[in-house]
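All chains are named by letter (A, B, ...) in the order of the sequence lines, taking the proteins before the strands, and each is independently numbered beginning at 1. This one's a predicted model, so the numbers in the text were calculated from it and none came from an experiment. We use all heavy atoms of the structure for the numbers below, so side chains are in, but hydrogens, waters and symmetry mates are not.
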Amino acid sequence: MKSDQQSNKPQRKTAVTPLGENASVTRAIKTAQERCINLLSPELQNKIRELEQIPLLPDWPDKTRGVPNLCLRSALFGVIRRGRRRAVKGEVIASVQGLNIRYTGWRLDQGDFDVLVQTLHLQTRHIEKTSKNYIRFEVKSFLRAIGRQPGKSGREWLKDCFRRLTATAVEINVELRNRYGNEAYTYAGSLVDEFYYNDREHTYFLKINPKLAELFDAGWTQLQWQQRLQLKTDLAKWLHGFYSSHRVPYPMKVATLKHLCGSDCKRLVDYRRSIRNAMAELVNAGAIQAWQIDRKDKIHVQRFANRPISK
DNA sequence: CGATGGGCCCAAATTGCCAA
DNA sequence: TTGGCAATTTGGGCCCATCG
């Protein structure tokens with residue numbers, strides 16, 4: 001890996017950069033950058049620091065994970081059949097009304113969701129002073145935290161996952177209704193900015209897109225993490241997120257849900273069958289109290305009272 | 001019509017075993 | 001212990017037959 005770290009511009013690497021050396025090299029790069037920045041005028045210094053700073057994420061308890069609602073109410077992180085993941089270019093992603101998402105990159109599934117959510121979680125928890133914008137973590141503990149087996153295949157999977165999250169272009173347009181009337185909000189960028197992987201130590205050094213924090217402004221949800229880890233199927237995970245983001249779920253047609261979660265199931269009957277199984281999973285995990293499908297093919301979901309918690 | 005049970009197949013995830 | 005590898009299990013879409 002050739003080093004271009006003497007440049008005084010922030011690095012714009014998007015590809016994988018498996019540094020064969022330990023993290024101290026990465027730190028040295030950062031220090032060098034710091035020195036360069038220090039040569040600039042105070043105003044410029046402040047400007048750069050301001051731009052690089054990842055805004056504070058909201059805080060949530062350890063047993064939960066904070067997730068922007070737009071990740072839960074769309075097919076941005078959907079259900080994808082094994083072996084059927086595809087790359088798309090500027091595709092409109094299915095979502096609830098008032099939310100417009102365009103996406104370029106490999107389609108993301110519930111596994112990618114787990115990874116991004118855990119990354120955001122670490123971002124709120126990390127306390128390294130040297131480089132505020134980067135988080136550092138070990139593969140093994142990371143995989144454990146999202147309920148996966150550590151090992152070679154797990155490591156490979158995780159790296160693929162970060163590749164996907166890095167090489168994306170998400171464009172989100174939200175219409176917000178607040179006391180000032182209607183407001184439009186746009187986000188465009190990738191999800192993860194860049195990452196370094198140390199093959200020997202099995203550690204990551206990673207930076208999320210700072211703007212990601214702003215997505216929380218449009219509403220977010222505390223996911224019950226243990227509940228989610230109990231769920232086996234991707235559809236159950238998606239439904240868990242979807243219904244967690246609604247205080248009072250409104251009845252929704254099976255066909256609508258099929259569209260929203262990004263399922264490519266050809267026959268509605270088969271999807272209905274899998275949604276029945278997934279709902280049973282949710283009841284088992286204690287995520288919802290009850291559910292039923294009415295004669296109009298709408299799904300009614302009853303949540304437990306006094307449970308979490310959309311902000 | 002759709003529900004249910006069974007079966008098939010593909011690919012991914014996990015597990016068990018071995019050697020370093 | 002750990003990592004690598006092959007065997008096994010699992011998830012999920014799809015199809016069929018049968019029943020209400």
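Ile80(A) and Val92(A) fall into different hydrophobic clusters, where Ile, Leu, Val, Met, Phe, Trp and Tyr are joined by side-chain heavy atoms under 4.5 Å apart, directly or via other members.
Here the nucleotide nearest the side chain of Lys232(A), chosen from dA3(B), dG3(C), dG11(C), is dG11(C). Here the nucleotide nearest the side chain of Lys152(A), chosen from dG13(C), dC5(C), dA3(B), is dC5(C). Of the candidate nucleotides dT2(C), dT10(C), dG4(C), dT10(C) has the atom nearest to the side chain of Arg82(A).
Protein atom OH of Tyr271(A) is 17 Å distant from nucleotide atom C1' of dA3(B), rounded to whole Å. In this structure, Arg84(A) atom CZ and dG11(C) atom P are separated by 18 Å, rounded to whole Å. Taking atom CD of residue Gln110(A) and atom P of nucleotide dA13(B), one finds them 14 Å apart after rounding to whole Å. Summarising the geometry, the separation between NE2 on His202(A) and P on dT2(C) is reported as 12 Å, rounded to the nearest angstrom. In this entry the distance linking CD of Gln292(A) with C1' of dA3(B) reads 16 Å, nearest Å. Protein atom CZ of Arg272(A) is 12 Å distant from nucleotide atom P of dC1(B), rounded to whole Å. In this entry the distance linking CG of Asp264(A) with P of dG12(C) reads 12 Å, nearest Å. For Leu143(A) and dT2(C), the CG to P distance is 15 Å, given to the nearest whole Å.
A cation-pi arrangement is found for Arg65(A) relative to Trp225(A), the charged atom lying closer than 6.0 Å to the ring centre and inside a 45° cone about the ring normal.
Comparing Asp270(A) and Thr233(A) against DNA chain C, the residue whose closest nucleotide sits nearer the 5' end is Thr233(A). If you find the closest nucleotide of DNA chain C to Gly151(A) and to Glu281(A), the one lying nearer the 5' end belongs to Gly151(A). Closest-nucleotide positions on DNA chain B for Asp297(A) and Gly83(A) were compared, and the one nearer the 5' end corresponds to Asp297(A).
Here Arg81(A) lies in heavy-atom contact (under 4.0 Å) with sugar-phosphate atoms only. Within 4.0 Å (heavy atoms only), Arg148(A) reaches sugar-phosphate atoms of the nucleic acid but no base atom. Arg295(A) comes within 4.0 angstrom of nothing in the nucleic acid, heavy atoms only.
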Show the numbers, then the answer: is there a side-chain contact (heavy atoms from CB on, under 4.5 Å) between Tyr250(A) and Val248(A)?
CA-CA 6 Å; Tyr250(A) 45 91; Val248(A) 185; over 6 Å; no

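Aromatic ring centres of Tyr204(A) and Phe162(A) lie closer together than 6.0 Å.
Within 3.5 Å, no donor on the side chain of Arg273(A) pairs with an acceptor on the base of dG13(C), nor the reverse. Donor-acceptor pairing under 3.5 Å, judged by distance alone, is absent between the side chain of Arg276(A) and the base of dT4(B).
With hydrogens and angles left out, the side-chain atoms of Thr221(A) and Asn69(A) include a donor and acceptor closer than 3.5 Å.
For the pair Trp157(A) and dA13(B), the criterion of a side-chain N or O lying under 4.0 Å from OP1 or OP2 is met.
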